[in-house]
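Shown next, in structure tokens, is the structure this report addresses.
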Amino acid sequence: MQNPYQNAMKQLDKVAKVKNFNDSFIARLRQPDRDIRISIPVQMDDKSLKIFEGYRVEYNNALGPYKGGIRYHHDTEINEVKALAFWMTLKCAVANIPMGGGKGGITVEPRNLSKGELERLSREWVRSLSDILGPRKDVPAPDVNTTPEIMTWMTDEYAKITGDKTRATFTGKPIEKGGSEGRGPATGLGGFYVFNALRKDLKLPEKCKVAIQGFGNVGSNAAEIFAEHGHKIIAVSDSKSAIFNKDGLDLKKVQAHKKSTGALKDFPDAKNITNEELLELPCDLLVPAAFENVITEQNARKIKVKAILELANGPVTPEADEILFKKGIPVIPDVLANSGGVTVSYFEWEQNLKNEHWTEKEVFKKLKPMMEDASKKIFEESKKSRTSLRMGAFILALERIQKKML
Ligand code: GLU
């Protein structure tokens with residue numbers, strides 16, 4: 001397994017070669033401001049005590065309070081959280097929101113916990129970290145396997161400990177608990193706005209054939225949004241398998257099948273394929289929407305798409321990036337492609353602090369031009385510096401952060 005933090009640092013080294021940044025600034029960005037590991041004791045339903053390992057990495061707050069989600073996964077470990085916190089720093093800068101970068105997590109398989117155990121675990125994570133969190137300090141949010149309900153428990157726990165009633169310390173809450181309209185589909189929708197802004201520049205057809213890897217909140221929302229706009233979703237996958245129909249999948253039926261059987265596999269109107277086969281399908285757009293390190297030097301040469309839209313964080317390794325760049329396959333990078341999520345999180349934070357509630361229409365009206373503006377600037381920068389879109393995005397972000405820090 002590749003170390004995502006090393007990969008993130010390879011990207012940083014690369015951008016420092018493409019563009020001239022201040023050496024001390026780059027050296028500072030090679031380490032987070034702080035990385036915190038905690039042990040979290042939880043009383044299980046059978047009264048036994050289990051200790052979990054948890055994390056919060058505060059990477060950089062030059063542009064504003066640390067911002068970034070909390071991941072619950074059995075593979076989550078400190079290097080992954082550090083990489084994700086680094087990418088959050090750049091993502092907030094790309095999105096041009098007044099937020100820094102952070103990330104948190106717990107090494108846990110949440111499916112093995114009862115609801116009560118999950119609640120106690122989530123509240124204990126907040127209890128251990130309450131000193132460093134806060135609307136003006138560090139503002140977490142959902143990530144893989146963390147839900148609006150978990151954000152409610154965390155907000156409540158934080159209010160109990162500190163007396164803070166703004167509800168602005170966690171974003172991604174349910175709407176009736178201070179959440180923003182549109183936060184659910186925001187990452188997928190933002191990705192769609194970015195795709196649309198770049199489609200012609202990247203010479204992609206008006207109606208694309210799309211393969212989506214990962215069918216969680218981000219992947220399933222993106223599938224629906226692309227389909228609504230006349231694109232054809234020819235393959236989707238979950239952690240166990242993938243399904244493929246060259247004429248396009250009926251997503252409502254796919255959702256119903258997944259709900260009733262618990263999996264995508266054996267969907268009647270499609271062929272079962274493997275996750276690896278999905279990545280190698282010939283189509284217009286490949287959308288990795290699950291985890292890091294899925295396109296590597298092992299499979300990058302076999303990729304046959306016209307472009308890749310990274311809705312996951314870190315799905316393409318630096319080695320694969322080089323191969324794809326040489327093959328002329330543009331990769332729309334995570335820090336741009338999935339920045340719609342954190343942008344609407346920022347809207348949520350602002351609404352909480354001002355005690356306002358914006359309509360979904362208002363939220364999307366603010367989101368769209370921000371995504372378009374970032375897309376255009378990054379495309380121009382990558383053309384000007386004759387580099388990839390990822391390096392274009394890194395340059396834009398680092399210039400904004402450097403200006404604040406020096
Ligand atoms: N976890 C999401 C991400 O990776 C959203 C973070 C947020 O809303 O703060 O961008």
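Indexing begins at 1, ligand by ligand and atom by atom, following the structure's order. All values derive from a computational prediction rather than experimental measurement.
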(request) Could you label the plane-to-plane angle of the Tyr59 and Tyr5 rings as parallel, tilted or perpendicular, counting under 30° as parallel and over 60° as perpendicular? (result) tilted

(request) Look at ligand 1 and say whether Arg71 reaches it with a heavy atom at a distance under 4.0 Å. (result) no

(message) Heavy-atom contact check, 4.0 Å cutoff: does Pro140 meet ligand 1?
(response) no

(request) Quick one: look at Asn313 and ligand 1, take heavy-atom pairs under 4.0 Å, and tell me if it's side chain, backbone, both or neither. (result) side chain

(message) Looking at Lys265 and Asp238, is there a salt bridge between them, counting it only when a charged N and a carboxylate O are closer than 4.0 Å?
(response) no

(message) Check contact between Met99 and ligand 1, using heavy atoms of the residue and a distance below 4.0 angstrom.
(response) no

(request) Would you indicate which of Cys92, Ala85, Ala141 comes nearest to atom 7 (C) of ligand 1 when only heavy atoms are counted? (result) Ala141

(message) Tell me the protein heavy atom at minimum distance from atom 5 (C) of ligand 1, and give that distance in Å.
(response) Arg183 NH2, 3.4 Å

(request) Considering heavy atoms of the protein only, find what lies nearest to atom 9 (O) of ligand 1 and give residue, atom and distance to 0.1 Å. (result) Lys67 NZ, 2.8 Å

(request) Output yes when Asp138 and Lys67 qualify as a salt bridge under the 4.0 Å nitrogen-oxygen rule, no when they do not. (result) no

(request) May I ask you to say whether Lys209 pairs ionically with Asp284, meaning some side-chain N is under 4.0 Å from a carboxylate O? (result) no

(request) Select one of side chain, backbone, both or neither to describe which atoms of Pro142 lie under 4.0 Å from any atom of ligand 1, heavy atoms only. (result) backbone

(request) Using a strict 4.0 Å threshold on nitrogen-to-oxygen distance, state whether Glu276 and Lys302 make a salt bridge. (result) no

(request) Have a look at Asn217, Asp143, Thr171 and point out the one with the heavy atom closest to atom 1 (N) of ligand 1. (result) Asp143

(request) Please verify whether a non-hydrogen atom of Gly172 lies at under 4.0 Å from ligand 1. (result) no

(message) Between Glu319 and Lys10, does any side-chain N to carboxylate O distance fall below 4.0 Å?
(response) yes

(message) Does the plane of the ring in Phe192 sit parallel, tilted or perpendicular to the ring in Phe226? Use 30° and 60° as the thresholds.
(response) perpendicular

(message) Among all the protein's non-hydrogen atoms, which is closest to atom 3 (C) of ligand 1, and how far away is it?
(response) Lys91 NZ, 3.3 Å

(request) Calculate, to the nearest 0.5 Å, the distance between atoms NZ and CG belonging to Lys14 and Asp321 respectively. (result) 6.0 Å

(message) Need the ligand 1 atom indices (1-based, order shown) with element for anything under 4.0 Å from a heavy-atom of Lys103.
(response) 1 (N), 3 (C), 4 (O)

(message) Among all the protein's non-hydrogen atoms, which is closest to atom 8 (O) of ligand 1, and how far away is it?
(response) Ser345 OG, 2.6 Å

(request) State whether the side chain of Glu77 and the backbone N or O of Glu80 hold a donor-acceptor pair below 3.5 Å, judged by distance alone. (result) yes

